[in-house]
Amino acid sequence: QVQLVESGGGLVQAGGSLRLSCAASGRTFSSYAMGWFRQAPGKEREFVAATNWSGGSTYYADSVKGRFTISRDNAKNTVSLQMNSLKPEDTAVYYCAAANVVVPSTGLREYDFWGQGTQVTVSS
């Protein structure tokens, strides 16, 4: 069982930056691939970024590639999402999720545990 709690959301102007963090409970955190997803009002939840158990492999949606960076610290049971050059279309609730897989997937169904989400609002 893994419990996830996101933090770091807020209101930022376009072009600004935010850093989201996700704190995980459980001794087996380092065995899970971790992902970030987001859901805007009226839209389906979508993949943003993911990393494998070590943080050595990372994956990004095309819409955030070059602007967002996912990282993890297994000693602290945390995964982070550094978001730069934010755009109004990045506005959404952001969720972190854990998947008991070797290679993380972009699909929601692969993820076993989810946080409650944190709101990110980017003003134009």
Side-chain angles (χ1 to χ4, degrees):
Q1 189 79 7
V2 177
Q3 293 184 328
L4 305 171
V5 179
E6 302 95 336
S7 62
L11 173 64
V12 64
Q13 289 188 335
S17 299
L18 279 176
R19 185 177 181 86
L20 305 183
S21 294
C22 175
S25 65
R27 298 179 180 178
T28 59
F29 171 76
S30 60
S31 66
Y32 284 83
M34 297 297 298
W36 285 95
F37 291 78
R38 66 187 181 186
Q39 187 166 18
K43 295 188 177 181
E44 294 185 352
R45 194 171 298 189
E46 65 176 6
F47 170 77
V48 174
T51 181
N52 71 335
W53 69 273
S54 69
S57 296
T58 56
Y59 309 84
Y60 297 94
D62 287 343
S63 60
V64 307
K65 201 170 295 183
R67 300 187 298 122
F68 291 10
T69 303
I70 188 172
S71 60
R72 67 187 296 162
D73 185 337
N74 287 340
K76 296 181 179 179
N77 279 17
T78 58
V79 60
S80 298
L81 185 69
Q82 178 66 41
M83 305 186 296
N84 298 328
S85 302
L86 283 161
K87 305 175 181 180
E89 51 262 45
D90 294 318
T91 295
V93 177
Y94 283 71
Y95 300 88
C96 73
N100 192 10
V101 296
V102 175
V103 179
S105 168
T106 61
L108 277 70
R109 294 181 180 181
E110 295 288 334
Y111 290 80
D112 307 293
F113 305 102
W114 293 82
Q116 83 290 348
T118 185
Q119 177 70 48
V120 171
T121 303
V122 184
S123 64
S124 57

Under 3.5 Å donor-acceptor, [X] side chain and [Y] backbone:
{"X": "Arg72", "Y": "Asn52", "value": "yes"}
{"X": "Glu6", "Y": "Gln116", "value": "yes"}
{"X": "Asn84", "Y": "Thr69", "value": "no"}

> Mind checking what makes ring-ring contact (aromatic ring centres under 6.0 Å, His included) contact with Tyr59, not counting sequence neighbours?
Replying inline: none
Which atom of [X] lies closest to which atom of [Y], heavy atoms considered:
{"X": "Gly35", "Y": "Tyr111", "answer": "N-CE2, 3.7 Å"}
{"X": "Pro104", "Y": "Ala50", "answer": "CB-CB, 3.7 Å"}
{"X": "Tyr95", "Y": "Gly115", "answer": "CD2-O, 3.6 Å"}

> Can you list every disulfide bond (SG atoms under 2.5 Å apart) pair that touches residues 37-82, not counting sequence neighbours?
Replying inline: none
> Tell me the disulfide bond (SG atoms under 2.5 Å apart) pairs involving residues 1-119, sequence neighbours left out?
Replying inline: Cys22-Cys96
>> Going by salt bridge (Lys or Arg N to Asp or Glu O under 4.0 Å), name the residues that satisfy it together with Glu46, two or more places apart in sequence or in a different chain.
In response: Arg38
> Can you name the residues that form a salt bridge (Lys or Arg N to Asp or Glu O under 4.0 Å) with Arg67, not counting sequence neighbours?
Replying inline: Asp90
> Taking ILVMFWY side chains as joined if any heavy atoms are under 4.5 angstrom apart, and letting links pass through other members, which residues group with Trp36?
Replying inline: Val2, Leu4, Val12, Leu18, Leu20, Phe29, Tyr32, Met34, Val48, Tyr60, Val64, Phe68, Ile70, Val79, Leu81, Met83, Leu86, Tyr94, Phe113, Val120, Val122
> Does any pair with a residue in residues 106-124 pass salt bridge (Lys or Arg N to Asp or Glu O under 4.0 Å), and if so which ones, sequence neighbours excluded?
Replying inline: none
With [X], which residues qualify under side chain to side chain contact (heavy atoms under 4.5 Å, CB included), at least two apart?
{"X": "Ser123", "value": "Leu11, Gln13"}
{"X": "Ser71", "value": "Arg19, Ser80"}
{"X": "Lys43", "value": "Ala40"}
{"X": "Glu89", "value": "Lys87"}

>> Under the side chain to side chain donor-acceptor pair (under 3.5 Å) definition, can you give me all pairs with a residue in residues 96-106, not counting sequence neighbours?
In response: none
>> Measuring from atom CH2 of Trp53 to atom OG of Ser31, what distance do you get when rounded to the nearest 0.5 angstrom?
In response: 10.0 Å
